[in-house]
Amino acid sequence: VSWPFAGLYQYREHWGVDYLDCGGNVQSPINIDTAKTIFSPQLRPIQLSGYSLPANEKLRLRNNGHTVLLELPESLAITGGYAQQYRAVQLHLHWGSLSGPGSEHTVDGRRFAAEIHVVHYNTKYDTFKEAMVHPDGLAVLGAFLEVGPRENPYYQEILEHLHKIQEEGKALPHLVRLLPTNLKLYFHYNGSLTTPPCYQTVKWTVFNQTMMLSHEQVCQSSELSLSLNDDNKPLQNNFRMVQDMHGRRVLASFQ
Ligand SMILES: NS(=O)(=O)c1c(F)c(F)c(SCCc2ccc(C(=O)O)cc2)c(F)c1NC1CCCCCCC1
Ligand SMILES: [Zn+2]
């Protein structure tokens, strides 16, 4: 599947890109203003199943010219925390450059070093492509990546392949370790894909707990000279600018 990266987009250094052909008022990413979030005790812990893969299960890691994406088997599913069941499609990363951070969502105006997105589709639809156009069609789990004192071995498995355009068959048995250990604390809001076609069909979960990677690892993801985009330029700052809330509220599973 190669998505037509349709439409023109404005590129603003350090502010990321925005897309001229992505209208609508339920867009992502957003700035999460924690003073305006609504505590919702009915938000249950996110439950994942199938995220610990057999060691011989090979996954395809691709650099699609916009991000590095890992195709995921549909055996991975969100089985708690959402009203319906969602199955995994792919995961990918957003990062900055050596001159600045590159998460897509911000919290109280703070942009984190990077952000992982695990994209799922609602199993009430037969295929991801069908689900993608329905308001309850997609669920994306997002987590922030920050610089910490130690190398994160689970992210190393992905980052070391950034520069390879096609990595056929990579064993990544510890997928669950790419996400925070605490799946109870998260923000939840209705939004969109952050790239064309920007469909407004994503129920977003952004975890409160961040992932810690070493400085080298964060630089590795942002030494994007390793990972080239369509016209062989370093792939950097692949994050979209934050979008207006247009009256939306962000729910929080914690106070
Ligand atoms: N944050 S996000 O989830 O909106 C998102 C981005 F911001 C993204 F930037 C991307 S990558 C750019 C779009 C794209 C390009 C090529 C391919 C391919 O060759 O398979 C796929 C997608 C990207 F892949 C995704 N996730 C995609 C959304 C694009 C359309 C459906 C594919 C699965 C989810
Ligand atoms: Zn994304």
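Ligands are counted one by one from 1 in listed order, and the atoms in each one are counted from 1 as well. When a residue number appears, it is its place in the shown sequence, counting from 1. Please read these numbers as outputs of a predicted model, since none were measured by experiment.
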What are the atoms of ligand 1, with element, lying closer than 4.0 Å to any heavy atom of [X]?
X: His94; answer: 1 (N), 6 (C), 7 (F)
X: Glu104; answer: 1 (N)
X: His117; answer: 1 (N)
X: Phe128; answer: 31 (C), 32 (C), 33 (C)
X: His66; answer: 11 (S), 12 (C), 15 (C)
X: Met132; answer: 31 (C)

* Taking the Zn ion (ligand 2) as the centre, how many protein N/O/S atoms fall inside a distance shorter than 2.8 Å? -> 3
* Asked: If you look only at pairs with a residue in residues 43-56, which of them pass as a side chain to side chain donor-acceptor pair (under 3.5 Å), with sequence neighbours excluded?
  ->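 As it turns out, the side chain to side chain donor-acceptor pair (under 3.5 Å) pairs with a partner in residues 43-56, which skip direct neighbours, are Tyr51-His120.
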Is it true that [X] lies under 4.0 Å from ligand 1, counting heavy atoms only?
X: Thr67; result: yes
X: Tyr199; result: no
X: Arg240; result: no

* Side-chain donor-acceptor pair present, Gln156, Gln217, cut-off under 3.5 Å -> yes
* Asked: Just by distance, with hydrogens left out, do Arg240 and Gln27 show a side-chain donor and acceptor under 3.5 Å apart?
  ->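 Yes, Gln27 and Arg240 have a side-chain donor paired with an acceptor closer than 3.5 Å.
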* Structure fact -> Across all chains, not counting sequence neighbours, the ring pair (Phe, Tyr, Trp, His ring centres under 6.0 Å) partners of Phe144 are Phe112
* Structure fact -> Closest to atom 9 (F) of ligand 1 by heavy-atom distance, out of Val202, Thr194, Thr195, is Thr195
* Side chains of Val218 and Leu145: closer than 4.5 Å at any heavy-atom pair? -> no
* Looking at side-chain heavy atoms only, is the closest gap between Tyr125 and Asp136 below 4.5 Å? -> yes
* To do: Could you label the plane-to-plane angle of the His105 and Tyr189 rings as parallel, tilted or perpendicular, counting under 30° as parallel and over 60° as perpendicular?
  => perpendicular
* Between Gln90 and ligand 1, which residue portion shows a heavy-atom distance shorter than 4.0 Å: side chain, backbone, both, or neither? -> side chain
* Before signing off on this row, confirm whether Asn64 and ligand 1 have an N or O atom pair separated by under 3.5 Å. =>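 No - when backbone and side-chain N and O of Asn64 are compared with those of ligand 1, no distance drops under 3.5 Å.
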* To do: Applying ring pair (Phe, Tyr, Trp, His ring centres under 6.0 Å), run through His94 and Phe239 and close with a yes or a no.
  => CA-CA 6 Å; His94 297 269; Phe239 60 93; 8.5 Å; no
* Asked: Is Val26 reachable from Ile38 through a run of I, L, V, M, F, W or Y residues, each pair having side-chain heavy atoms under 4.5 Å apart?
  ->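 Unlinked, Ile38 and Val26 end up in two clusters.
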* **Within one Ile-Leu-Val-Met-Phe-Trp-Tyr cluster: Met212 and Val147, side-chain cutoff 4.5 Å** =>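 No, no single cluster joins them.
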* From Val118, Ile116, Val119, residue fulfilling side chain to side chain contact (heavy atoms under 4.5 Å, CB included) relative to His92 -> Val119
* To do: Mind checking side chain to side chain donor-acceptor pair (under 3.5 Å) for Tyr155 and listing every partner two or more places apart, or none if nothing turns up?
  => none
